[in-house]
Amino acid sequence: MMTLSDLEMEPHDTGRAWIEISRQAIRQNVEALRALLPPRCELMAVVKANAYGHGALPVARELNRLGVRAFGVATIAEAVELRKGGICGELLILGYTPPEDFPLLAAWDLTQSVISCEYAKLLNRFGGKINVHLCIDTGMHRCGERCENIRQIQSVFHMQHLRVTGLFSHLCTADTMKPEDQAYARAQGQAFWQTLHRLEADGCRCGKKHLLASYGVLNYPEFGGDYARIGIALYGLQSRQNDSPRHALPLRPVLSLKARVAMLKKLHAGEGAGYGLHDIASSERTIAVVTIGYADGLPRSLSNARGAVLIRGKRAPIVGLICMDQTLVDVTDIPETCCGDPVVLIGESGNQRITAYELSDLAHTITNELLSCMGSRLPRIVV
Ligand SMILES: *Cc1c(COP(=O)(O)O)cnc(C)c1O
């Protein structure tokens, strides 16, 4: 019979597919990054896109505990979620906020990026006092007012309803050591500090200055600033394993991705399995149905034995096409496999390991994309 307590019960977090984030790894990465930051430069944790898939609230709470007092997000909804979850410190929205949402900026004590001088006028017209960081385009040509438009930038400092508490820029070639990319990054750094000095010489108080993201810190910590906006490195990874930054840090991956064996099935020689019946078995095989699919963030491009999973410390290749919610793997060589066994998609099992690098390489992308596409239905648990 159903009871009230059955109705109050929640589905188990580790019953189907889930993400584990390691508290220890977050701490280690924060410590390693802080050691490399320029003097008086504070860590601004970039927790946009659900903290690169790790879970914005659990990650930000952990960081608050470690004394991190500044966070970068992409959208106002992300910022409000953090505030509602009790996150304290400066919350900077790095991207565009639509005018309809301007009232929320003051209500939740958020800082808005001024992405252009036009945008500053719009924000100023709203009327409430709003904290802003001015985004300066020093060569990336994405958000930001062009640094040569110094008069317009100055005008923002005189807008009645805006309080300029920061000035920032973003480097677009900081991740490689190619000579032309290095030259470009250095020119951007110079343009940024030059703009700042011209503004300050004219009496504009710029507040917190920042231009380094993860690769900026790994390659150009000497560029300085009051904040470093760190995303991918905080999660213990570079964008690509083979990048060799000038300052390699002892980073530790924070995220593991896990699922379960739902059932086992014998596949006879000559049979295929899954949509399209790819991967015809040449001999009798044992297949395990695993409770995770591309809707959970497992790239479909790992299908047909390009990717593998770990079960009981051994690798089991993926069979056929990955489905939205399920994946077939070949466990013929792991006869001890049982229903309900944990399956590791990213992380460690026994002395075997599958890294986010391996998956993102196979999927022809970077770890940033792989992680930020982790499915919203996966519970995130801190271990
Ligand atoms: C996403 C983002 C960052 C963080 O970048 P990482 O390379 O992941 O450290 C920093 N600054 C801005 C403006 C961003 O959009």
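Counting starts at 1 for both ligands and their atoms, in listed order. Below, all heavy atoms of this structure are taken into account, side chains as well, without hydrogens, waters or symmetry copies. Counting from 1, the numbers follow the sequence of the chain as shown.
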Parallel, tilted or perpendicular, as decided by the 30° and 60° cut-offs, for the rings of Y227 and H210: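 Correct class here is perpendicular.
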F102 vs F126 aromatic rings, parallel, tilted or perpendicular, using cut-offs 30° and 60°?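 Rings of F102 and F126: perpendicular, over 60°.
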Which residues satisfy the ring-ring contact (aromatic ring centres under 6.0 Å, His included) test with H170, sequence neighbours excluded?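 ring-ring contact (aromatic ring centres under 6.0 Å, His included) list for H170, sorted by chain: empty.
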How far is [atom] from the closest protein heavy atom, and which atom is that?
atom	result
atom 10 (C) of ligand 1	R229 NE, 3.5 Å
atom 9 (O) of ligand 1	S214 OG, 2.5 Å
atom 12 (C) of ligand 1	H170 CE1, 3.5 Å

Go through ligand 1 atom by atom and flag the ones less than 4.0 Å from a non-hydrogen atom of [X].
X	answer
Y52	1 (C), 4 (C), 5 (O), 6 (P), 8 (O)
K48	1 (C), 2 (C), 3 (C), 14 (C), 15 (O)
R142	13 (C), 15 (O)
I232	6 (P), 8 (O), 9 (O)

Which distance, rounded to the nearest 0.5 Å, do you find between the CG of L92 and the OG of S113?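 Reported value, rounded in 0.5 Å steps: 4.5 Å.
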Once rounded to the nearest 0.5 Å, what's the spacing between atom CZ of R65 and atom CZ of R23?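 Nearest 0.5 Å value for the CZ-CZ distance: 5.5 Å.
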Testing D137, L134, T138, L212 one by one against S169 for a side-chain contact (heavy atoms from CB on, under 4.5 Å), which residue passes?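 One option only clears the test, and that one is T138.
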Return yes or no for this condition: an N or O of G231 is under 3.5 Å from an N or O of ligand 1.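 It does: an N or O of G231 is found under 3.5 Å from an N or O of ligand 1.
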